[in-house]
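Following: one structure in structure tokens, then a few remarks.
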Amino acid sequence: MKLATWNVNSLKVRLPHLLDWLAAEAPDVVCLQETKTTDDVFPVEALAAAGYRAVFSGQKTYNGVAILSRADAVDVVAGIPGFPDEQKRVLAATVAGARIICLYIPNGQSVDSDKYQYKLAWLSALQGWLKAELAAHPRLAVLGDFNIAPEDRDVHDPAAWAGQVLCSEPERQHFRDLIGQGLTDAFRLFEQADKSFSWWDYRQGGFRRNLGLRIDHILLSGGLAGACTACRIDKTPRTWERPSDHAPVVAEIAAPG
DNA sequence: ATGGCCTGCAACGCAGGA
């Protein structure tokens, strides 16, 4: 089973890239973030023609998440239960016996902003919910744009980013707390090139100069981590014309039994 | 030099992203 996550930065603009990438990679499950599209105009038909079902939770202009899958998606939940939020950032579904949780964690803007406080409150709510989800689903994967670079090696210039949003200690502690709940960072299960990133600023030739951050992640429960055979960041779509600023992250899980 | 770029919405600039 091939799982993927990709912040597409507007599904409308990126649909051609998404379709090309699905054809090339043939993932079984894809979590999308920043679809920036309302549910009434979600491109259901184009994705169905490509062989994918879709569940989605979107809004106008901002945010928006979706789960694409070859197999049926059931037990769909939008949002963090008990945490009212106008912003469409969470979608969960069960696909082929695996619980899939798609996240678009708030950016936070800057550590002295109200948006940062919202991010921390959001992360606290996430911790409580995931604890229950992990207890209920031994085979669980959390995929998405976490907007957290977990360690200095996930940052092109750790000194410049020290203490800044995406790298601050409270955010990194939340990431470690997710690991402490029994989740594994699939990317770090394997040998990886130095300076591996999943996002690069559009400005200043960020991608060409590899001035990036690793903020898109796939976390696996014990039941899936033990069967994970590969995890990589696919930089290919970032080289295409008019790309998303994020690259997809892909994990391969061996079939159970 | 605290902006550079991209998207959506709407309107000819703004918010938001990271």
Side-chain angles (χ1 to χ4, degrees), chain A residues 5-18 21 31-43 56-66 85-90 102-123 126 143-175 187 195-217 233 235 237-249:
Chain A
T5 180
W6 193 7
N7 179 324
V8 291
N9 185 16
S10 171
L11 184 52
K12 181 181 175 184
V13 173
R14 228 65 67 194
L15 184 60
H17 282 195
L18 176 61
W21 188 76
C31 294
L32 301 178
Q33 302 86 35
E34 285 207 87
T35 58
K36 300 185 177 180
T37 206
T38 51
D39 292 349
D40 56 314
V41 293
F42 194 92
F56 38 85
S57 177
Q59 67 184 91
K60 193 165 122 177
T61 310
Y62 302 120
N63 308 311
V65 284
D85 191 354
E86 295 298 307
Q87 303 185 23
K88 306 302 188 187
R89 297 180 173 279
V90 175
C102 173
L103 299 181
Y104 177 44
I105 293 179
N107 171 285
Q109 196 164 72
S110 66
V111 294
D112 57 1
S113 74
D114 292 345
K115 293 189 178 73
Y116 182 77
Q117 294 307 317
Y118 162 69
K119 181 178 193 174
L120 295 182
W122 198 100
L123 284 163
L126 176 70
L143 308 91
D145 176 357
F146 283 61
N147 273 314
I148 301 172
E151 302 176 58
D152 279 354
R153 62 176 165 164
D154 302 311
V155 181
H156 69 90
D157 186 347
W161 281 86
Q164 302 290 316
V165 73
L166 315 188
C167 300
S168 75
E169 192 50 34
E171 295 167 80
R172 287 180 165 178
Q173 185 59 52
H174 269 293
F175 191 89
F187 190 74
K195 303 184 187 304
S196 288
F197 307 126
S198 67
W199 169 87
W200 303 262
D201 201 304
Y202 283 124
R203 296 168 289 190
Q204 292 286 96
F207 181 68
R208 177 177 53 78
R209 301 161 63 200
N210 198 31
L211 306 180
L213 304 173
R214 192 176 72 94
I215 55 177
D216 300 270
H217 306 297
I233 296 167
K235 291 163 72 170
R238 190 63 173 79
T239 69
W240 296 343
E241 191 177 349
R242 204 178 178 188
S244 169
D245 43 356
H246 294 253
V249 184

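Bear in mind that the values here come from a model prediction, so they are computed numbers and not experimental data. Side chains are part of it too, since the values below use all heavy atoms of this structure and drop only hydrogens, waters and symmetry mates.
Among A/D216, A/T5, A/D245, A/D145, the one residue that satisfies the side-chain hydrogen bond (donor to acceptor under 3.5 Å, both in side chains) test with A/S198 is A/D216.
Nucleotides B/dA1 and B/dC14 are separated by 22 Å at their C1' atoms, to the nearest Å. Distance check on atom C1': B/dA15 versus B/dA10 gives 12 Å, rounded to whole Å. Comparing B/dG13 with B/dG4, their P atoms sit 14 Å apart, to the nearest whole Å.
For A/W6 and A/W21, the ring centers are positioned less than 6.0 Å apart.
A/R238 comes within 4.0 angstrom of nothing in the nucleic acid, heavy atoms only. Looking at heavy-atom distances under 4.0 Å, A/N7 makes contact with sugar-phosphate atoms alone, never a base. Backbone-only engagement by A/D145 is indicated by non-hydrogen atom pairs under 4.0 Å involving sugar-phosphate atoms exclusively. The residue A/Q164 sits apart from the nucleic acid: no heavy atom pair falls under 4.0 Å. Residue A/Y104 is classed as a sugar-phosphate contact, given heavy-atom separations below 4.0 Å to backbone atoms only.
Rounded to whole angstrom, the span from the CD atom of A/Q59 across to the P atom of B/dG16 amounts to 12 Å.
Counting only heavy atoms from C-beta on, A/R14 has its side chain closest to B/dC6 among B/dC6, B/dG8, B/dA18. Picking from B/dC6, B/dA18, B/dG16 the nucleotide with the shortest atom distance to the side chain of A/Y202 gives B/dC6. When the nucleotides B/dC9, B/dG17, B/dG4 are ranked by their closest atom to the side chain of A/T61, B/dC9 comes out on top. The side chain of A/K60 sits closest to B/dC9 out of B/dC6, B/dG17, B/dC9. Of the listed nucleotides (B/dG4, B/dG17, B/dT7), B/dG17 has the atom at the smallest distance from the side chain of A/N107.
Seen from the ring of A/Y104, A/R89 counts as a face-on cation partner, given the 6.0 Å and 45° thresholds.
A/F42 and A/F56 have parallel rings, their planes meeting at less than 30° on a 0 to 90° scale where 60° marks the start of perpendicular.
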